[in-house]
Trainee: 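Starting off with a structure, shown below.
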Amino acid sequence: MSESIIRIKSFELAIRGVNFYKYLVSEKREFVMSKQFLRSVTSVGANIREAVNAQSKADFIHKLSISQKECDETMYWLELLKETDYISEKEFSTIHQ
């Protein structure tokens with residue numbers, strides 16, 4: 001059985017997010033928003049993994065909806081980092097995709 005594309009993509013997102021967090025802390029010296037970003041970006045995949053092991057259809061839907069909310073929160077932190085000039089438009093675009 002092949003692995004779920006959403007599971008693969010969310011794990012790749014978490015890896016990119018962790019690396020982006022390390023960049024924000026070491027190069028931009030930003031510690032508060034970057035930590036919030038790290039928490040939400042890694043939570044996306046964690047909730048998808050939980051959904052895979054859901055005990056019911058309702059539990060599955062609930063876990064995926066949490067993942068969607070975490071993804072939206074991640075976007076919020078990225079937009080805020082961009083609008084407060086911690087990251088450039090180019091940096092925003094690379095992780096936003």
Side-chain angles (χ1 to χ4, degrees):
M1 183 170 157
S2 64
E3 182 136 21
S4 163
I5 189 72
I6 193 169
R7 199 170 157 176
I8 293 167
K9 293 260 186 206
S10 65
F11 189 71
E12 290 172 355
L13 174 66
I15 292 169
R16 291 186 70 202
V18 168
N19 289 329
F20 195 63
Y21 166 78
K22 291 192 290 190
Y23 164 76
L24 289 170
V25 169
S26 66
E27 299 296 321
K28 301 292 185 169
R29 309 298 295 161
E30 200 301 307
F31 302 100
V32 177
M33 290 181 285
S34 60
K35 188 70 167 190
Q36 290 291 102
F37 166 79
L38 177 67
R39 188 198 57 74
S40 63
V41 78
T42 55
S43 185
V44 173
N47 279 289
I48 287 170
R49 292 270 177 115
E50 284 189 42
V52 169
N53 298 308
Q55 296 176 349
S56 66
K57 184 177 180 180
D59 189 31
F60 175 79
I61 292 168
H62 177 70
K63 296 295 185 201
L64 283 184
S65 69
I66 292 172
S67 185
Q68 184 179 16
K69 289 176 183 180
E70 292 294 340
C71 194
D72 190 48
E73 182 180 338
T74 298
M75 291 306 306
Y76 172 81
W77 294 116
L78 277 176
E79 290 166 6
L80 190 57
L81 285 162
K82 180 180 66 116
E83 294 301 321
T84 55
D85 297 321
Y86 278 101
I87 60 174
S88 68
E89 182 70 41
K90 183 179 177 184
E91 291 166 323
F92 173 81
S93 295
T94 61
I95 191 105
H96 177 263
Q97 296 175 359

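All of these numbers come straight from a predicted model, not from anything done at the bench. Just so you know, these numbers use all the heavy atoms, side chains as well, and skip hydrogens, waters and symmetry mates.
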Trainee: Please check if the number of heavy atoms outside F92 that lie under 6.0 Å from its CZ is greater than 12.
Mentor: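 Atom CZ in F92 is crowded, with more than 12 foreign heavy atoms closer than 6.0 Å.
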Trainee: If I compare all heavy atoms of I87 with all of L78, which pair ends up nearest, and what's the gap?
Mentor: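 Nearest heavy atoms, I87 then L78: CD1-O, 3.9 Å.
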Trainee: Check whether any side-chain N or O of Q68 sits under 3.5 Å from a backbone N or O of E70 as a donor-acceptor pair, and report yes or no.
Mentor: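 Judged by distance alone, no pair lies under 3.5 Å.
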Trainee: About how many Å separate OH of Y76 and OG of S40, when rounded to the nearest 0.5 Å?
Mentor: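 The OG atom of S40 sits 11.5 Å away from the OH atom of Y76.
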Trainee: So, taking the atom named CD in E50 and the one named NE2 in H62, what distance separates them when rounded to the nearest 0.5 Å?
Mentor: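 That separation rounds to 9.0 Å.
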Trainee: Distance check, rounded to the nearest 0.5 Å: E27 atom CD versus K22 atom NZ?
Mentor: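 The distance works out to 12.5 Å.
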Trainee: Rounded to the nearest 0.5 Å, what's the gap from NZ on K28 to CD on E91? Could you check?
Mentor: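 Reported to 0.5 Å precision, the distance equals 4.5 Å.
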Trainee: Would you please test T94 and R16 for side-chain contact (heavy atoms from CB on, under 4.5 Å) and show each step?
Mentor: CA-CA 10 Å; T94 61; R16 291 186 70 202; 4.3 Å; yes
Trainee: Can you run down the salt bridge (charged side-chain N to carboxylate O under 4.0 Å, His left out) pairs that involve residues 78-87, sequence neighbours left out, and say none if there aren't any?
Mentor: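 Applying salt bridge (charged side-chain N to carboxylate O under 4.0 Å, His left out) to every pair that reaches into residues 78-87, excluding sequence neighbours, yields K82-E89.
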Trainee: For the CZ atom of F37 and the CG atom of L80, what is their distance to the nearest 0.5 Å?
Mentor: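 The CG atom of L80 is 12.5 Å from CZ of F37, to the nearest 0.5 Å.
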Trainee: So which heavy atom on G17 is nearest to which on V41, and how close?
Mentor: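 Answer, listing the atom of G17 first, then V41: CA-CG1, 3.8 Å.
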Trainee: Group every Ile, Leu, Val, Met, Phe, Trp and Tyr by side-chain heavy-atom contacts under 4.5 Å, then state whether I95 and M33 land in the same group.
Mentor: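 Yes, I95 and M33 fall within the same hydrophobic cluster.
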Trainee: Would L81 end up clustered with Y23 when hydrophobic side chains under 4.5 Å apart are linked, directly or stepwise?
Mentor: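 Shared cluster, yes.
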Trainee: In the single-linkage hydrophobic clustering (I, L, V, M, F, W, Y; side-chain heavy atoms under 4.5 Å), do W77 and L24 co-cluster?
Mentor: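 Yes, it is one cluster - the side chains of W77 and L24 are joined through contacts under 4.5 Å.
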Trainee: For V32 and E30, which heavy atoms make the closest approach, and how far apart are they?
Mentor: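 Looks like N-OE2, 3.1 Å.
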Trainee: Can you tell me how far CD1 of I66 sits from CD1 of I48, rounded to the nearest 0.5 angstrom?
Mentor: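 Answer for the CD1-CD1 pair, I48 versus I66, is 11.5 Å.
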Trainee: For V44 and C71, which heavy atoms make the closest approach, and how far apart are they?
Mentor: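 What the structure gives for the nearest pair is CG2-N, 3.6 Å.
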Trainee: Taking V18 as the starting point, is it possible to reach I15 by hopping between hydrophobic residues whose side chains are less than 4.5 Å apart?
Mentor: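 I15 does not cluster with V18.
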Trainee: May I have the list of side-chain donor-acceptor pairs in residues 5-13 shorter than 3.5 Å, sequence neighbours left out?
Mentor:
from : atom 1 : to : atom 2 : distance (Å)
R7   : NE     : E3 : OE2    : 3.2
S10  : OG     : I6 : O      : 3.0
S10  : OG     : R7 : O      : 3.0

Trainee: Starting from F20, can I reach M75 by hopping between I/L/V/M/F/W/Y residues whose side chains sit under 4.5 Å apart?
Mentor: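 In one cluster: yes.
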Trainee: Would you say S43's side chain and R39's backbone share a donor-acceptor pair under 3.5 angstrom?
Mentor: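 Checking the backbone N and O of R39 against the side chain of S43, no donor-acceptor pair under 3.5 Å is found.
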